[in-house]
Amino acid sequence: MSEEKTVQREKVVIIGSGPAGLTAAVYAGRAMLEPVVIVGDQLGGQIAMSSEVENYPAFAEVITGQELIDRMVKQAQKFGAKLEYDHVIKVDFTGGSPHRVETYNKIYEADAVIVTAGASPRKLGIPGEDKFWGRGVSTCGTCDGFFYRGRDVVVIGGGDSAMEEGIFLTKFADKVTVIHRRDELRAGPVLQKRAFANPKMEFVWDTVPEQVLGDEEVNGVQLRNVKTGETSKMDTDGFFIFIGHIPNSQIFAGQLEMDEEGYVISDELMRTSVEGVFAAGEIQDSVYRQVATSVGQGCAAAMSAERWLAAKE
Ligand code: NAP
């Protein structure tokens with residue numbers, strides 16, 4: 001770790017600012033631990049990009065992800081949490097507490113660390129995907145949908161994200177074609193029903209994209225039917241990928257125990273393999289990945305950290 005940076009001692013450092021991190025900040029703040037939240041790439045994480053959240057308890061009316069995050073931030077700050085708009089580049093958990101967390105600007109020495117770095121959209125790994133990234137290829141309908149007013153787009157995936165984002169994209173696009181590798185959707189019944197009822201949505205089953213096509217920007221996609229092996233070309237202006245997520249755990253490699261998919265392993269008290277390091281939210285949850293579950297895990301991680309610190313004293 002670079003020793004030229006300022007070393008700052010803290011009781012609790014929270015890595016990540018999604019629902020898990022901000023809830024941990026509310027609880028650690030109320031416990032007078034003055035937590036520092038290292039925000040990361042995106043304040044609020046993935047949900048901040050969501051145009052509609054309708055399954056978070058207590059909000060019967062539709063609320064945007066950004067509004068939900070704004071409220072969480074306000075609440076965390078009210079209890080003394082400090083938000084640092086910085087990015088963690090390295091951690092050293094090998095020496096025991098205090099643990100070292102290095103960001104672009106500082107080195108934190110923290111009695112306890114709560115890891116809530118979340119997950120990122122999975123990519124397909126096909127030709128053209130990277131080449132046309134930001135020029136027709138996207139993983140965020142909320143961010144890029146506006147550019148597709150009156151145009152045709154394809155959506156890859158059959159889960160809740162693909163349906164939710166596909167429906168959102170119909171606000172702008174003339175046609176949204178969902179391309180799914182099986183002949184039935186993974187999405188829950190409510191979103192399925194809404195997607196099938198949407199006159200702007202079409203479905204192509206048993207099909208995978210093999211290549212994103214274009215010149216300066218995307219203008220088509222090469223497809224393959226997985227049952228017949230037949231290949232075809234479809235014209236499109238936009239290529240939206242919603243095929244799940246991968247945990248943002250690369251910086252914890254060799255420091256925290258993980259499963260084969262890179263999810264940090266935590267127990268029922270949100271403890272990781274290192275004493276004084278706790279984890280919550282999507283970085284350790286490959287199953288539920290809901291705002292409500294991340295919030296609960298963030299709360300549990302902060303309570304465990306608080307109890308662990310109290311016992312240590
Ligand atoms: P997901 O449920 O894992 O679905 C991923 C989809 O992408 C699946 O249909 C999968 O096909 C397909 N897929 C995966 N890899 C692929 C590949 N290489 N090529 C082609 N297709 C591929 O992911 P998600 O939709 O992002 O949802 C993640 C979690 O968030 C879920 O628990 C979901 O319920 C939740 N969520 C909830 C809401 C809501 O309630 N409003 C909204 C968004 C997300 P298969 O079906 O064949 O596996």
Side-chain angles (χ1 to χ4, degrees), residues 18-20 44-69 118-130 137-143 145 154-169 176-196 198 201 203-212 221-227 231 234 236 239-248 259 261-263 281-297:
Q46 297 176 77
I47 198 66
M49 296 290 163
S50 189
S51 55
E52 292 179 357
V53 180
E54 53 184 10
N55 54 6
Y56 188 64
F59 291 91
E61 72 284 11
V62 170
I63 183 170
T64 67
Q66 187 59 59
E67 199 181 338
L68 199 58
I69 290 301
S120 297
R122 187 190 295 280
K123 288 163 91 178
L124 286 156
I126 58 170
E129 184 180 38
D130 286 339
V137 175
S138 171
T139 52
C140 182
T142 314
C143 321
V154 299
V155 158
I156 311 299
D160 282 328
S161 298
M163 292 313 109
E164 197 170 72
E165 298 269 348
I167 293 165
F168 178 78
L169 285 166
V176 174
T177 305
V178 175
I179 295 165
H180 184 37
R181 63 182 178 183
R182 291 187 292 136
D183 61 2
E184 59 177 351
L185 297 175
R186 177 179 292 277
V190 175
L191 281 169
Q192 281 205 30
K193 198 170 162 198
R194 222 177 276 168
F196 289 139
N198 191 311
M201 287 182 82
F203 294 81
V204 175
W205 304 108
D206 299 316
T207 298
V208 291
E210 283 196 319
Q211 186 173 356
V212 185
V221 54
Q222 186 176 310
L223 303 171
R224 179 172 54 87
N225 183 303
V226 293
K227 283 194 173 152
T231 57
M234 181 185 282
T236 188
F239 186 88
F240 286 83
I241 309 161
F242 305 110
I243 59 164
H245 299 87
I246 47 168
N248 297 325
D259 68 14
E261 287 184 76
Y263 286 93
E282 287 194 33
I283 197 161
Q284 54 81 64
D285 171 20
S286 63
V287 179
Y288 299 111
R289 298 132 115 202
Q290 303 294 303
V291 179
T293 49
S294 289
V295 159
Q297 292 157 3

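We count ligands from 1, going down the list as the structure has it; atoms in each ligand are counted the same way. What you see below is based on every heavy atom in this structure, not just the backbone, and it leaves out hydrogens, waters and symmetry mates.
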For this session: Grab the two heavy atoms, one from Glu165 and one from Thr142, that are nearest each other, plus how far apart they are.
Result: OE1-N, 3.6 Å
Exercise. Are Thr207 and Lys227 close enough, and set up right, to give a side chain to side chain contact (heavy atoms under 4.5 Å, CB included), and what steps lead you there?
Worked result: CA-CA 8 Å; Thr207 298; Lys227 283 194 173 152; over 6 Å; no
For this session: Could you tell me whether some N/O pair between Gly158 and ligand 1 is separated by less than 3.5 angstrom?
Result: yes
Problem set entry | Per-atom contacts of ligand 1 with Ser161, taking only distances under 4.0 Å to non-hydrogen atoms | 24 (P), 25 (O), 26 (O), 27 (O), 43 (C), 44 (C)
For this session: Hey, could you give me the CD1/NZ distance between Ile246 and Lys123, rounded to the nearest 0.5 Å?
Result: 9.0 Å
For this session: Can you sort out which atoms of ligand 1 are near Gly244, meaning under 4.0 Å from one of its heavy atoms?
Result: 5 (C), 23 (O), 26 (O)
Exercise. Do Val208 and Ile179 touch side chain to side chain, with heavy atoms closer than 4.5 Å?
Worked result: no
For this session: Give the residue, atom name and distance (to 0.1 Å) of the protein heavy atom nearest atom 41 (N) of ligand 1.
Result: Glu164 OE2, 2.8 Å
Problem set entry | Geometric N/O contact Arg181 with ligand 1, under 3.5 angstrom | yes
Problem set entry | Contacting atoms of ligand 1, where contact means under 4.0 angstrom from a heavy atom of Tyr288 | 32 (O)
Exercise. What pair of heavy atoms forms the shortest contact from Tyr263 to Arg289, and how long is it?
Worked result: OH-NH2, 3.9 Å
Exercise. Does ligand 1 have a heavy atom under 4.0 Å from the side chain of Leu185, from its backbone, from both, or from neither?
Worked result: neither
Problem set entry | Pair Glu282-Gln46, side chain to side chain donor-acceptor pair (under 3.5 Å): steps then yes or no | CA-CA 10 Å; Glu282 287 194 33; Gln46 297 176 77; 3.2 Å; yes
For this session: Give a yes or no on whether Lys193 atom NZ has more than 12 heavy-atom contacts from other residues, nucleotides or ligands under 6.0 Å away.
Result: no
For this session: Examine the proximity of ligand 1 to His180 and report which part, side chain or backbone, both or neither, has a heavy atom under 4.0 Å away.
Result: side chain
Exercise. Charged N to carboxylate O below 4.0 Å: is that the case for Arg194 and Glu52?
Worked result: no
For this session: Using the side chain to side chain contact (heavy atoms under 4.5 Å, CB included) rule, take Gln211 and Val221 through it: C-alpha gap first, then chi angles, then the decisive distance, then the call.
Result: CA-CA 6 Å; Gln211 186 173 356; Val221 54; over 6 Å; no
For this session: Could you tell me whether ligand 1 has any atom less than 4.0 Å away from a heavy atom of His245?
Result: yes
Exercise. Can you name the one residue among Val178, Thr139, Val155, Val137 that meets side chain to side chain contact (heavy atoms under 4.5 Å, CB included) with Phe240?
Worked result: Val155
Exercise. Can you tell me if Met163 has a non-hydrogen atom under 4.0 Å from ligand 1?
Worked result: no
For this session: Assess Glu54 for proximity to ligand 1: is some non-hydrogen atom of it under 4.0 Å away?
Result: no
Problem set entry | Region of Asn55 engaging ligand 1 - heavy atom pairs below 4.0 Å | side chain
Problem set entry | Which residue and heavy atom of the protein sit nearest atom 33 (C) of ligand 1, plus the separation | Asp160 OD2, 3.3 Å
Problem set entry | Ring geometry between His180 and Trp205 (parallel below 30°, tilted from 30 to 60°, perpendicular above 60°) | perpendicular
Seminar exercise, completed: atom 1 (P) of ligand 1 has as its nearest protein heavy atom Arg186 CD, 4.0 Å
Problem set entry | Residue and atom name of the nearest protein heavy atom (relative to atom 35 (C) of ligand 1), distance in Å to one decimal | Gln290 NE2, 3.2 Å
For this session: Could you tell me the residue and atom name of the protein heavy atom closest to atom 46 (O) of ligand 1, and the distance to it rounded to 0.1 Å?
Result: Arg182 NH2, 2.7 Å
Exercise. With a 4.0 Å cut-off on heavy atoms, does Leu124 reach ligand 1?
Worked result: yes
For this session: For atom 7 (O) of ligand 1, find the nearest protein heavy atom and state the residue, atom name and distance (0.1 Å precision).
Result: Ile243 CA, 3.3 Å
Problem set entry | Which segment of Arg289 sits under 4.0 Å of ligand 1 when only heavy atoms are counted | both
Exercise. Charged N to carboxylate O below 4.0 Å: is that the case for Asp160 and Arg186?
Worked result: no
